[in-house]
Amino acid sequence: MVTEIMLVAAGGAVGCVCRYGMEHLEWFADKVYHTVLINVIGCLLMGVLWTVIDRCAGNSSSLWSRLLVTGLLGGFTTFSAFSLHPVLMMRSGQWIEAVGYVTITLAGGFAACAMGMYAAEKIIRAI
């Protein structure tokens, strides 16, 4: 367990630094597009790493997954994890569950963000 935690932490540190670096590239005037690029790159890497680990890592797949998937990609972008789960559901024939997962995650995320912003504004005004 301690080994897995250390692998997640190490991978996460590298992923966070990579994200920070990507955010400071002067490719786009609007920083929103850096986030889009990070999310798309993260999803591409999730597909590659998940497949390579699943097919090639054997008994050590859990450790490689903790380092690269949970740690590195988790620090780089959580959107890659969001993308993996419905793809795996679809591959196993769970199309309705995959659509539900995406719909609930997106709608729930937007609603939660809006509610959080609304609540924070109310609290700030009350102070």
Side-chain angles (χ1 to χ4, degrees):
M1 180 78 157
V2 173
T3 300
E4 290 186 3
I5 292 170
M6 296 303 292
L7 288 170
V8 170
V14 172
C16 289
V17 170
C18 289
R19 181 184 184 106
Y20 178 82
M22 290 282 298
E23 288 175 346
H24 288 83
L25 294 174
E26 296 186 14
W27 291 349
F28 308 105
D30 189 341
K31 292 292 185 186
V32 169
Y33 296 109
H34 286 91
T35 301
V36 171
L37 184 62
I38 288 165
N39 288 339
V40 171
I41 289 170
C43 291
L44 173 68
L45 290 174
M46 177 64 81
V48 169
L49 292 174
W50 181 267
T51 301
V52 169
I53 291 167
D54 186 52
R55 302 282 191 268
C56 303
N59 293 336
S60 62
S61 66
S62 176
L63 296 178
W64 282 109
S65 179
R66 296 299 172 264
L67 175 67
L68 299 174
V69 174
T70 306
L72 178 73
L73 292 179
F76 188 62
T77 173
T78 58
F79 192 78
S80 56
F82 164 72
S83 299
L84 174 67
H85 297 296
V87 169
L88 291 175
M89 288 175 189
M90 289 184 291
R91 285 177 63 184
S92 67
Q94 299 173 303
W95 287 86
I96 293 172
E97 292 86 347
V99 170
Y101 176 89
V102 169
T103 303
I104 291 167
T105 301
L106 289 175
F110 292 150
C113 183
M115 287 187 297
M117 292 171 76
Y118 177 79
E121 288 290 335
K122 288 287 188 185
I123 292 168
I124 290 169
R125 286 186 189 141
I127 294 177

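Note that the numbering runs from 1 along the sequence shown for the chain. None of these values were measured; they are calculated from a predicted model. Hydrogens, waters and symmetry mates are skipped; everything else that's a heavy atom, side chains included, is used.
In the hydrophobic clustering (ILVMFWY side chains linked at under 4.5 Å, chained through shared members), Val99 stands by itself. Through direct or relayed side-chain contacts under 4.5 Å between Ile, Leu, Val, Met, Phe, Trp and Tyr, Met1 connects to Ile5. Other cluster members for Val2: Met6, joined by side-chain heavy-atom distances under 4.5 Å among Ile, Leu, Val, Met, Phe, Trp and Tyr. Under the 4.5 angstrom side-chain criterion for Ile, Leu, Val, Met, Phe, Trp and Tyr, the cluster partners of Val87 are Met90, Trp95.
A search for salt bridge (charged side-chain N to carboxylate O under 4.0 Å, His left out) contacts involving Glu97 returns nothing, not counting sequence neighbours. Considering only residues two or more places apart in sequence or on other chains, Arg55 meets the salt bridge (charged side-chain N to carboxylate O under 4.0 Å, His left out) condition with none of them. With sequence neighbours excluded, no residue forms a salt bridge (charged side-chain N to carboxylate O under 4.0 Å, His left out) with Glu26.
The CD1 atom of Ile41 lies 3.5 Å from the CE atom of Met22; values are rounded to the nearest 0.5 Å. Atom CG of Leu44 and atom CG of Leu49 lie 9.0 Å apart (nearest 0.5 Å). Note that SG of Cys16 is 9.5 Å distant from CG of Leu72, once rounded to the nearest 0.5 Å.
Transitive grouping of hydrophobic side chains (ILVMFWY, heavy atoms separated by less than 4.5 Å) brings Leu68 and Leu88 into a common cluster. The hydrophobic cluster containing Trp27 also contains Tyr33, counting ILVMFWY residues as joined when their side-chain heavy atoms lie under 4.5 angstrom apart, directly or transitively. Met89 and Leu84 fall into different hydrophobic clusters, where Ile, Leu, Val, Met, Phe, Trp and Tyr side chains are chained together by heavy-atom contacts under 4.5 Å. No continuous path of ILVMFWY side-chain contacts below 4.5 Å connects Tyr101 to Met46, so the two sit in separate hydrophobic clusters.
Ala57 and Ser61 make their closest contact through CB-CA, 3.6 Å (heavy atoms, listed as atom of the first residue, atom of the second, distance). Nearest heavy-atom pair, Ser83 versus Cys43, reported as atom, atom and distance to 0.1 Å: OG-SG, 3.0 Å. Contact detail for Ser80 and Leu73: the closest heavy-atom pair is OG-CB, 3.8 Å. The minimum heavy-atom distance between Ile53 and Val69, with the atom names listed, is CD1-CG2, 4.0 Å. Taking each heavy atom of Gly42 and Thr77 in turn, the nearest pair found is CA-CG2, 3.6 Å.
Screening residues 113-127 for salt bridge (charged side-chain N to carboxylate O under 4.0 Å, His left out), with sequence neighbours left out, gives Glu121-Arg125. The salt bridge (charged side-chain N to carboxylate O under 4.0 Å, His left out) contacts involving residues 60-89 comprise Glu4-Arg66, where partners must be two or more places apart or lie in separate chains. Among pairs with a residue in residues 70-87, none fulfils salt bridge (charged side-chain N to carboxylate O under 4.0 Å, His left out), at least two apart in sequence or across chains. Each salt bridge (charged side-chain N to carboxylate O under 4.0 Å, His left out) pair with one or both residues in residues 39-50, not counting sequence neighbours, would appear here, but there are none. Pairs passing the ring-ring contact (aromatic ring centres under 6.0 Å, His included) check and including a residue from residues 34-80, sequence neighbours excluded, read Phe28-His34, Phe79-Phe82.
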Checklist entry - Run the side-chain contact (heavy atoms from CB on, under 4.5 Å) check on Thr35 and Arg19 step by step: do they pass? => result CA-CA 9 Å; Thr35 301; Arg19 181 184 184 106; 3.9 Å; yes
Next on the checklist: side-chain contact (heavy atoms from CB on, under 4.5 Å) for Ile127 and Ile123? Distances and angles first, verdict last.
Outcome noted: CA-CA 6 Å; Ile127 294 177; Ile123 292 168; 3.9 Å; yes
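Counting heavy-atom neighbours within 6.0 Å of Ile96 CD1, excluding the residue itself, gives a total of 12 or less.
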